[in-house]
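See structure below.
The analysis underlying the following values was restricted to heavy atoms, covering all of them including side chains, and did not include hydrogens, waters or symmetry mates.
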Amino acid sequence: MEVLAQAKTQFFEGDRIDVGLLDEVVMIMNQRSGREQAEANQILMQLKADRDSWQKVDAILQYSNLNESKYFALQILEAVIQHKWKSLPQIQRDGIKQYIISKMLELSCQQSTMEQNQLLLHKMNLVLVQIVKQDWPKQWPTFISDIVESSKTNETVCINNMNILSLLSEEVFDFGSQNLTQAKEQHLKQQFCGQFQEVFTLCVSILEKCPSNSMVQATLKTLQRFLTWIPVGYVFETNITELLSENFLSIEVYRVITLQCLTEISQIQVETNDPSYNEKLVKMFCSTMRHINTVLSLELDLAALYKEASDQDQKFISSLAQFLVAFIKEHVHLIEVTDEPLTDMKTMMRDAHQYAIQLLLKITLIEEMEVFKICLDCWCWLTAELYRISPFIQPSSLYGMMNTMREHPRRMLYREYLSVLRTTMISRMAKPEEVLIVENDQGEVVREMVKDTDSIALYRNMRETLVYLTHLDNKDTEMKMTEKLASQVNGGEFSWKNLNRLCWAVGSISGTMIEEDEKRFLVLVIRDLLGLCEQKRGKDNKAVIASNIMYVVGQYPRFLRAHWKFLKTVINKLFEFMHETHEGVQDMACDTFIKIAIKCKRHFVIVQPAENKPFVEEMLENLTGIICDLSHAQVHVFYEAVGHIISAQIDGNLQEQLIMQLMEIPNRTWNDIIASASVSDSILEEQEMVRSVLNILKTNVAACKSIGSAFVSQLGNIYGDLLSVYKILSEKVSRAVTTHGEDALKLPLVKTMRAVKREILILLSTFISKNNDHKLILDSIVPPLFDAVLFDYQKNVPQAREPKVLSLLSILVTQLGSLLSPQVTNILGAVFQCSIDMINKDMEAFPEHRTNFFELVLSLVQECFSVFMEMPPEDLGTVIDAVVWAFQHTMRNVAEIVA
């Protein structure tokens, strides 16, 4: 601690710095912990912030024995260059520049010195690049010439200069928009392009002479940076493509970086009809494939080799995949040979093309997901290209021969390869959207649809590719899938993973075949899967097969709509699966049921042939038996599904009867609770009872969501009691806060009470958003609602206010528009000032209240603008101040609401 006390005094007094003392402070910072480390860090930060500390950098670099101290000094210098450079006298700027250059040359003059000080040298390079960005070209016009000439003096200096040029390229072309003004960025880009000839000549000279491995590697890495932006003439009007594709692919240490350079060249957008450019690309590709063929034979099992390969070899395969994909997507038309006669050049192109496609198919089999995604990107693009040549669904086999005769030459060229690709896509099919059971912030167990994950994006890309593949040849896709299914049935390839992937693939091509072919194919698949279910022993096996059967049938609504008996059998089978307790089966049954209910709802509410009543009535009569083994979350899905079916009933009276039947079970429990609560509301202080109320409300929300405005009959039965429960629970929550303080809000019972209040608001929001009977809402819903909700929001402590109140009000305003104008004053009086007081302390507290509040203000301005014009000036000023406050938010969703 004595060292730190001494440092506090010495560092900030006089012009000199005790470098040895600085080294000790830096060591404490890096090696100690706790209070000493924090104090050392504070001293260093103060030194860095000192406006004159940069004048001590030379002494630190000269006399320090610690590379960390030197690095710290360079950080100080870098900050000065970035922020104060133009304010320094020219003589000081020149002095700093010359000093940095001399230190860099000192550190890079020998291989051993450069390796020992690699990190320090890299930081010096960064500092020099910052100087170049400030001074070049006006104050340092000879920079490019200087760096090129110094590269000719020494091999290690040349390597370091390549690193500097690479960093400068990154700073200007990759990150220029982030740290340069637009004018400065444009000026530097033009300057770099204008003076690039010298740099390019140097690079080509090194690549032609190959003086040493390290110099060639440094040059290739720098060239790869340049290739993203240099004028195309340097690529296509020089020998650089020949140099790269002919000289370096056969040497292992250069392969990866050379392929990366070739990938950049493949991605260059050539906006010219000059045939010599295309000729260069073709020769480059053919030469590259010839050299790769000496390393990777098509007989090799790349998938197996990749598993055992070194990191460098795996990187090589990945880089090769990127090159193939880049070239095929941009220039495949240059190397496709579809006509006779074959010249020597065409033969070479054909062989290179065939090898490339077969090699990419081999790489696609590699299990590494990132490599597979690279390949998938290409296959998705290629199959879409081939489909667009003639976008129609192929007829069934009756016309197969005629089709083959008329098939487009490009499609014929790829037919064999696409057949192999179909097998790969089917055997590697990704998992579709899934439902997770999670616990939310309120401690409730809820179902969440997972949509934005890598696996879902992968599934969508694979599905798109398989759909195109099926359109291109539905017979081959069907044959591949039935062969895979046969392997499952005979046990040759049976595993849960293989069966899942096959069924996901079968489900993904729904709608791609003509109806007759789809029917035959699906009947075959379902028959074999049912046979497999009978054949396999063990509940686990049967559960997995059953889940896959449900998934497949749920994906083919067209077939289900056309075959009522099969549809009814499927639904009854789903009801059986709802009693199966094996993990995941009940979820899959509910998910499949709602999927089918949405797409086939009309078929359940009409009397089908050989039936004496609509199936929905039969379903509701057996409702208790169907849902008795489901969890609460699964019951909610079931109710939403039946709600979709009921929404298809066009007879209002029959629809109302169905709703009453559906809601009979939750209504019975609700009425019992309300009856008990009317005797003593203390029953609503029992955790299980409040949970039961919450579950009933969620069931109502699920049904309301799908039934829509017809839910009015059910809501009318419970509306008065809903608001009574809301008021009672509000009072209990307020009392708990008054007694125990804000910590009461963390108690499980209070959290569940608030969840009930929130669910009531969600139910009303759902109903109002789906109902266009404005008179009903205005006369019957709004008055008692405002009486219960607005006063509670206003009087509650901030932490206990429900943000859903604000979103409910927004929905009301949006639905009713100017009809709600007379109530705007009441709304603002109840929620405006108290909400502002919650969110005006900072930009982050109460994020949900914050967003919902500004959405309410927006809807009021849009729908009831005239009310604001009639406001007293001071009230209008408060509203305008709130909008201005929203503009200042860094939370993007808030700022965009009022933008």
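With hydrogens and angles disregarded, no donor-acceptor distance shorter than 3.5 Å links the side chain of Lys698 to the backbone of Ala633. Panel note: side chain Thr739, backbone Ala736; no donor-acceptor pair is recorded below 3.5 Å. Side-chain atoms of Asp50 do not come within 3.5 Å of backbone N or O of Gln46 as any donor-acceptor pair. Panel note: side chain Tyr639, backbone Leu662; a donor-acceptor pair is recorded below 3.5 Å. Checked by atom type and distance alone, the side chain of Thr592 never pairs as donor or acceptor with a backbone atom of Ala589 at under 3.5 Å. Side-chain atoms of Gln586 come within 3.5 Å of backbone atoms of Met578 as a donor-acceptor pair (strictly under, hydrogens ignored). With Tyr719 contributing its side chain and Ile781 its backbone, the two residues share a donor-acceptor pair below 3.5 Å. Judged purely by atom type and a 3.5 angstrom limit, Ser810 uses its side chain to pair as donor or acceptor with the backbone of Leu856. At least one donor-acceptor pair closer than 3.5 Å links the side chain of Gln815 to the backbone N or O of Ile768. At distances below 3.5 Å, not a single donor-acceptor pair connects side-chain atoms of Thr766 with backbone N or O atoms of Val701.
Using a 4.5 Å cut-off on side-chain heavy atoms (C-beta onward), Ile762 and Leu697 make no contact. The side-chain heavy atoms of Val737 and Val750, taken from C-beta on, include no pair separated by under 4.5 Å. Within the 4.5 Å cutoff, the side chain of Leu722 has heavy atoms near those of the Trp670 side chain. Put simply, the side chain of Leu684 does not reach to within 4.5 Å of the side chain of Val756, judged on heavy atoms. Inter-residue side-chain proximity for Phe767 and Asn700 is flagged as unmet; no heavy-atom pair is nearer than 4.5 Å. Leu658 is listed as a side-chain neighbour of Glu617, based on a closest heavy-atom distance under 4.5 Å. Counting only heavy atoms from C-beta outward, the side chains of Lys84 and Arg51 approach each other to under 4.5 Å. In this structure, the side chains of Ile836 and Asp881 stay at 4.5 Å or more apart for every pair of heavy atoms.
At most 12 heavy atoms of other shown residues, nucleotides or ligands fall within 6.0 angstrom of atom CZ in Phe865. Around CD of Gln182, the count of heavy atoms belonging to other residues, nucleotides or ligands within 6.0 Å does not exceed 12. A 6.0 Å sphere centred on NE2 of His632 holds no more than 12 heavy atoms belonging to other residues, nucleotides or ligands. More than 12 heavy atoms of other residues, nucleotides or ligands lie within 6.0 Å of NZ in Lys86, so this atom counts as buried by the packing criterion.
For the atom pair CG of Leu715 and SG of Cys704, the computed distance is 7.0 Å after rounding to the nearest 0.5 Å. Atom CZ of Phe832 and atom OG1 of Thr878 lie 6.0 Å apart (nearest 0.5 Å).
Among all heavy-atom pairs drawn from Ala703 and Phe711, the shortest one is CB-CE1, 3.9 Å. In plain terms, the two heavy atoms of Ala641 and Ala597 that are nearest each other are O-CB, 3.5 Å. Minimum heavy-atom separation, Lys133 to Lys184: O-CE, 2.8 Å. Scanning all heavy atoms of the two residues, the minimum distance from Leu778 to Pro783 falls at O-CD, 3.2 Å. The shortest non-hydrogen separation linking Ser835 to Phe853 is CB-CD1, 3.6 Å. Closest of all the heavy-atom pairs between Pro803 and Asn852 is O-ND2, 3.0 Å.
Using a cutoff of 4.0 Å between basic side-chain nitrogens and carboxylate oxygens, Arg460 and Glu464 are not scored as salt-bridged. Here Glu731 does not pair with Lys727 in a salt bridge; the nearest charged N to carboxylate O distance is not below 4.0 Å.
Gln657 and Asn653 are not linked by any side-chain donor-acceptor pair at a separation below 3.5 angstrom, with hydrogens and angles left out of the test. A donor-acceptor contact closer than 3.5 angstrom links the side chains of Gln714 and Asn667. No side-chain donor from either of Glu685 and Ser682 sits under 3.5 Å from a side-chain acceptor of the other.
Across Leu820, Leu764, Leu819, a single residue satisfies side chain to side chain contact (heavy atoms under 4.5 Å, CB included) together with Leu812, and that is Leu820. When each of Arg754, His849, Lys757 is paired with Glu802, the side-chain hydrogen bond (donor to acceptor under 3.5 Å, both in side chains) condition holds for Arg754 and for no other.
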